[in-house]
Structures are given as structure tokens and as C-alpha cells.
There are 2 protein chains.
Amino acid sequence: MSTRTPLTLEVAQPVCCAPVTQETLSAEQAVVLAARLKALADPARLRLVSLLANAADGEACVCDLTAPLGLSQPTVSHHLKVLHQAGLLTREKRATWAYYAVVPEALTELAGLLAPAGGPDA
Amino acid sequence: MSTRTPLTLEVAQPVCCAPVTQETLSAEQAVVLAARLKALADPARLRLVSLLANAADGEACVCDLTAPLGLSQPTVSHHLKVLHQAGLLTREKRATWAYYAVVPEALTELAGLLAPAGGPDA
DNA sequence: CATAAGTATTGACGAATGTCGATGGATAGT
DNA sequence: ACTATCCATCGACATTCGTCAATACTTATG
């Protein structure tokens, strides 16, 4: 078994591959990376991530997110689920509320796959 | 015609906004950013970017890209158009060939919007 | 136990997307 | 001129996606 990284995060391990600019992606790698990016490539979901990242305690419940987005509760729940399944958000249920928070490392890793840390020509 | 930079780059200016984690996105900003990400959030297009970034002279023509992708020529042309319109690729027509190349700064900027340069907690 | 509130799921619908074959336009070579 | 090659566009199709209203589930409160 694993000797470390007991995290039960949906997807805590590296996405798949080297930065897009450094190695040619295989078909499978491309599918995995595209799935991650697709989770972010939506206006409502981008705003959710942004709202959560800038929230008071770094978290918020669904009921606090519907108003700012101007979307119905089922729709917001749907988007949060997509982001959570992509490993971009954590979910914690306290009482009747479901609190979501961003996983900073997930965003960082994604960014690193688009462009190597020090810029493309560093 | 032009004395320099004959490039007809669709979008060379900054996307729109501050990093997602630093400021809450407005509805309009989210739409713009999502459009950019959506251009990348496809397996075929990710592979195209990857192939171009790792190509011999940093560029390739359509005819060289259909085989590696296993897609028809119209489909590849379509994807290249999407990437070009998103400002992620340049396009130069020489003779009968159309040469595409990645715009590294576009990828870098996109990465910077997902996660600030030095990591989320730097 | 009954009620209220927060959330997730289901079903439905229109819109957008990825793919291809067919077609048309432009350029080089014979 | 004629042909061959490369590329973009068009039309069509199946699939996916974003959204909502309605419903069911869970937990706290009266």
C-alpha cells in the first residue's frame, strides 16, 4: 500500500503529463487534461471558483452562491458537482449545509501544465 | 501592406482580469475567460497545441497534423481555426500551405490567470 | 411527529459542439 | 490550359452541455 499521501481527494495525484509545450500529449493524456480544463471552461463555474477563493473563510455553502450567480439552486449544485468531481473543489457537509472550497494545488497544477513555471522561455 | 508584424493576430492583448483566486470575476470577465479556456478544453486541440509546440521549427501545416491526430482534414482545420481565433495560434500562409504556430505568451497568460506565478500561497 | 430549510437528483428542452463528406478556391507543376 | 495538392467552408448529423421546474432526501426545530 501507499506509504504516504493518505489523501482521499477525488483526484489529488498529478493529472497526467508534462507541460503541453514540453512533450507531445498522447491521445489518452489529452482526454484527461481536456476533462480537467473543461470543468473550468464555463462562465458560471469560473465565477464559482472565484467566489469561493475570495470567500470569508475560503468556503461557502450553496445557498450563498445562487444569488451572486443569478442561477437556480439545482444549476449551482450541478456546477459545484462538476468542479468537485474534477478535483478542483472540496466538499464538506455540516448540518444541512454543504460547504465547498477550492483546492489551490489543483489550479496550480493545471496552470503548470499550460505553461512551465518560469515562462515558456525561461 | 504592413511594414512589420503582418500577423493578423485576433487577440494579442490581455484576456481580461486578475487571477481567478485574487479577485471575484464579473459575469462579463467570466465569459471572456471561459471562451479562452474552452478553446483549449478539447483533446484534439490540446494535442494540436502540443504537436505545434514540439514541432521542428515550432510550426506545422495542416497536412502534417491530420495523420498524428487521426482526424479528417476539415476537422483539423476547424480546430486550428478555433485555436487561432482564441489567440493561441498564429497562422501564416506560404504557397499552398498554411503554417500554424503556438503563441507562448497566450498560454503563459492563461496559466497566470488560473494560479498566480509563485503558487497560490507565495 | 410535523414542519421548514438546504441540498442533490431527475427529467426535459433548446443550444452548442465535434465530426465527417462534399464542395469550392488558390497555388504549383506539367 | 490542365491537373494535382492543400486548405477552408458548407451542410448535416449525433452527442454533449447548461438550464430549469419538480421531486426526494436529510437535518434541525417547533
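Reminder, nothing fancy here: chain letters follow the sequence lines and each chain counts from 1. Only a predicted model underlies this, so the values are computations on that prediction, with no experimental measurement involved. Side-chain atoms are counted along with the backbone in the values below, which use heavy atoms only and exclude waters and symmetry mates.
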Engineer: May I have the distance from A:H78 (atom NE2) to C:dG11 (atom P), rounded to whole angstrom?
Structural biologist: 16 Å
Engineer: Without decimals, in angstroms, what is the distance between A:L48 CG and D:dT19 P?
Structural biologist: 10 Å
Engineer: Rounded to whole angstrom units, what separation is found between the CD atom of B:Q73 and the P atom of D:dA4?
Structural biologist: 18 Å
Engineer: Could you check which of D:dT19, D:dC6, C:dT7 has an atom nearest any side-chain atom of A:R91?
Structural biologist: C:dT7
Engineer: Considering heavy-atom distances to DNA chain D, does A:K93 or B:P74 have its closest nucleotide positioned more toward the 5' end?
Structural biologist: B:P74
Engineer: In whole Å, what is the span from the NZ atom of B:K38 to the C1' atom of C:dT17?
Structural biologist: 10 Å
Engineer: What nucleotide, of C:dG18, D:dC20, D:dG18, holds the atom closest to the side chain of A:S72?
Structural biologist: D:dC20
Engineer: Would you kindly give the NE2-to-P distance between A:H79 and C:dA8, to the nearest whole Å?
Structural biologist: 14 Å
Engineer: Quick one: list whatever passes salt bridge (Lys or Arg N to Asp or Glu O under 4.0 Å) with A:E23, sequence neighbours left out.
Structural biologist: none
Engineer: I'd like to know if the side chain of A:N54 reaches the main chain of A:S50, judged simply by a donor and an acceptor atom lying under 3.5 Å from each other, with no hydrogens or angles considered.
Structural biologist: yes
Engineer: Quick one: which of C:dG18, D:dA8, D:dT9 gets closest to the side chain of B:K81?
Structural biologist: D:dT9
Engineer: Could you state the CD-P distance from A:E92 to C:dT7, rounded to the nearest angstrom?
Structural biologist: 13 Å
Engineer: Starting at CG of B:L69 and ending at C1' of D:dC7, how long is that distance when rounded to a whole Å?
Structural biologist: 16 Å
Engineer: Tell me the closest heavy-atom pair linking A:R36 and A:L110, and the distance in Å.
Structural biologist: CB-CD1, 4.0 Å
Engineer: Please determine, for the side chain of B:S77, which listed nucleotide (C:dG18, D:dC7, D:dA8) has the closest atom?
Structural biologist: D:dA8
Engineer: So, is the end of the A:R91 side chain (NZ or CZ) under 6.0 Å from the ring centre of A:Y99 and within 45° of the ring's axis?
Structural biologist: no
Engineer: When you measure from the side chain of B:T96, which nucleotide among D:dC6, C:dT7, D:dC7 comes out closest?
Structural biologist: D:dC6
Engineer: Take atom CG of B:L71 and atom P of D:dA8, then tell me their distance rounded to the nearest Å.
Structural biologist: 15 Å
Engineer: Nearest to the A:T75 side chain among D:dC20, D:dA8, C:dG6, which nucleotide is it?
Structural biologist: D:dC20
Engineer: Ignoring the backbone of A:C63, work out which of C:dT7, D:dC6, C:dG18 is nearest its side chain.
Structural biologist: C:dT7
